[in-house]
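Before any comments, here is the structure.
From a predicted model like this one, the values you see are computed outputs, not experimental measurements.
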Amino acid sequence: MLQVPAIVQEKARVEGVAAWIEEAPRLVEELAVEWNLTLGRVLEGGTESLVVTATSPDHGDVVVKAVVPRRDLARGEAGALRLADGRGAARLLAFDAERETLLVERLGPSLADAGLSASR
């Protein structure tokens, strides 16, 4: 069972959408079936989304990102990724606006885990 990280749960409570905490894992699992994904592990470190690694027969390594529903944050992120089209950002592969969930290419390890200085 997928677990929404504690900091993301807190964000949902602050935003007044605590019910999303229980719904988000189910939404990700539903979309995994629709998008033909094999789910992996929940990624820690973010504050706005339940982020889960996955594999796709069509796209390889991907992440599913279920955004805490508030003020069209997911729609804005999807729009920005669509415009960037993989230049300087992960490529948007799918977006479910109703469930505020994105499917994006997985780029690799987190920069926070890379052990590099800010200048590097």
Side-chain angles (χ1 to χ4, degrees):
M1 177 73 174
L2 302 174
Q3 179 74 26
V4 177
I7 194 166
V8 180
Q9 289 184 31
E10 185 59 29
K11 175 64 84 169
R13 286 186 192 96
V14 166
E15 293 295 332
V17 291
W20 176 87
I21 297 166
E22 300 297 322
E23 296 168 6
R26 181 184 48 79
L27 297 176
V28 170
E29 289 168 352
E30 287 174 0
L31 284 168
V33 172
E34 291 178 29
W35 290 337
N36 193 27
L37 305 174
T38 301
L39 294 177
R41 65 184 178 90
V42 173
L43 296 177
E44 301 284 337
T47 61
E48 302 281 344
S49 309
L50 169 60
V51 182
V52 181
T53 64
T55 55
S56 163
D58 297 326
H59 304 292
D61 292 336
V62 296
V63 294
V64 180
K65 186 173 184 179
V67 180
V68 172
R70 64 185 188 90
R71 300 185 301 276
D72 285 331
L73 184 65
R75 192 176 310 275
E77 182 174 350
L81 291 175
R82 190 173 286 120
L83 286 172
D85 194 28
R87 293 181 307 274
R91 186 176 312 281
L92 178 68
L93 303 171
F95 175 54
D96 187 299
E98 183 178 320
R99 291 179 268 198
E100 300 189 58
T101 303
L102 298 86
L103 178 66
V104 298
E105 71 179 330
R106 186 170 172 197
L107 298 178
S110 165
L111 287 177
D113 296 336
L116 300 174
S117 67
S119 64
R120 184 126 186 260

From the list Thr101, Leu102, Val104, side-chain contact (heavy atoms from CB on, under 4.5 Å) with Val64 holds only for Thr101
### Query
After noting the C-alpha distance and the side-chain angles of Leu103 and Leu37, does the key distance pass the side-chain contact (heavy atoms from CB on, under 4.5 Å) rule?
CA-CA 10 Å; Leu103 178 66; Leu37 305 174; 3.8 Å; yes
(message) Run the side-chain contact (heavy atoms from CB on, under 4.5 Å) test on Asp61 and Thr55 for me, step by step, so that the C-alpha distance in whole Å, both residues' side-chain angles and the decisive distance to 0.1 Å come before the verdict.
(response) CA-CA 5 Å; Asp61 292 336; Thr55 55; 3.6 Å; yes
Smallest heavy-atom separation, Ala89 atom then Leu81 atom, equals CB-CD2, 3.8 Å
Side-chain ion pair, Glu48 and Lys65, N-O less than 4.0 Å:
no
| If only atom types and distance count, is the side chain of Arg91 paired as donor or acceptor with the main-chain N or O of Asp85 below 3.5 Å? | yes
query: Within the distance-only criterion (no hydrogens, no angle test), does the side chain of Ser56 pair as donor or acceptor with the backbone N or O of Asp58 below 3.5 angstrom?
result: yes
Is a side-chain donor or acceptor of Asp72 paired with a backbone partner of Arg75 at a separation under 3.5 angstrom? no
In short, Gly40 meets Leu2 closest at the heavy-atom pair O-CD2, 4.5 Å
Note: Val28 and Ala66 closest approach over all heavy atoms is CG2-CB, 3.8 Å
Separation between CG (Leu31) and CZ (Arg26), nearest 0.5 Å, reads 10.0 Å
Shortest non-hydrogen pair, Trp20 vs Val4, comes out as CZ3-CG1, 4.0 Å
Arg13 and Ile21: side-chain contact (heavy atoms from CB on, under 4.5 Å), yes or no, with the steps? CA-CA 9 Å; Arg13 286 186 192 96; Ile21 297 166; 4.0 Å; yes
Smallest heavy-atom separation, Pro5 atom then Leu43 atom, equals CG-O, 4.2 Å
Exercise. With side chains defined as the heavy atoms from C-beta onward, is the minimum distance between Ser49 and Val8 less than 4.5 Å?
Worked result: no
Are the charged groups of Glu30 and Arg99 less than 4.0 angstrom apart, N to O? yes
Report yes or no: does Glu15 contribute a side-chain atom to a donor-acceptor pair with the main-chain N or O of Val68 at less than 3.5 Å? no
Taking every heavy atom of Gln3 against every heavy atom of Leu50, the minimum-distance pair comes out as O-CD1, 3.8 Å
With hydrophobic residues grouped by side-chain heavy-atom distances under 4.5 Å, do Trp35 and Val63 end up in a single group?
no
Should the heavy atoms of other residues, nucleotides or ligands under 6.0 Å from CD1 of Ile7 be counted, would the total exceed 12? no
Rounded to the nearest 0.5 angstrom, the NE2-CG distance for His59 and Leu93 is 4.5 Å
Rounded to the nearest 0.5 angstrom, the NZ-OG1 distance for Lys11 and Thr47 is 5.5 Å
Thr53 (side chain) donor-acceptor with Arg41 (main chain) under 3.5 angstrom
yes
| request: Dump the intermediate steps for side-chain contact (heavy atoms from CB on, under 4.5 Å) on Glu29 and Met1, then the final yes or no. | output: CA-CA 9 Å; Glu29 289 168 352; Met1 177 73 174; 4.3 Å; yes
Would Leu27 and Phe95 show up in the same hydrophobic cluster when neighbours are defined by side-chain heavy atoms closer than 4.5 Å?
no
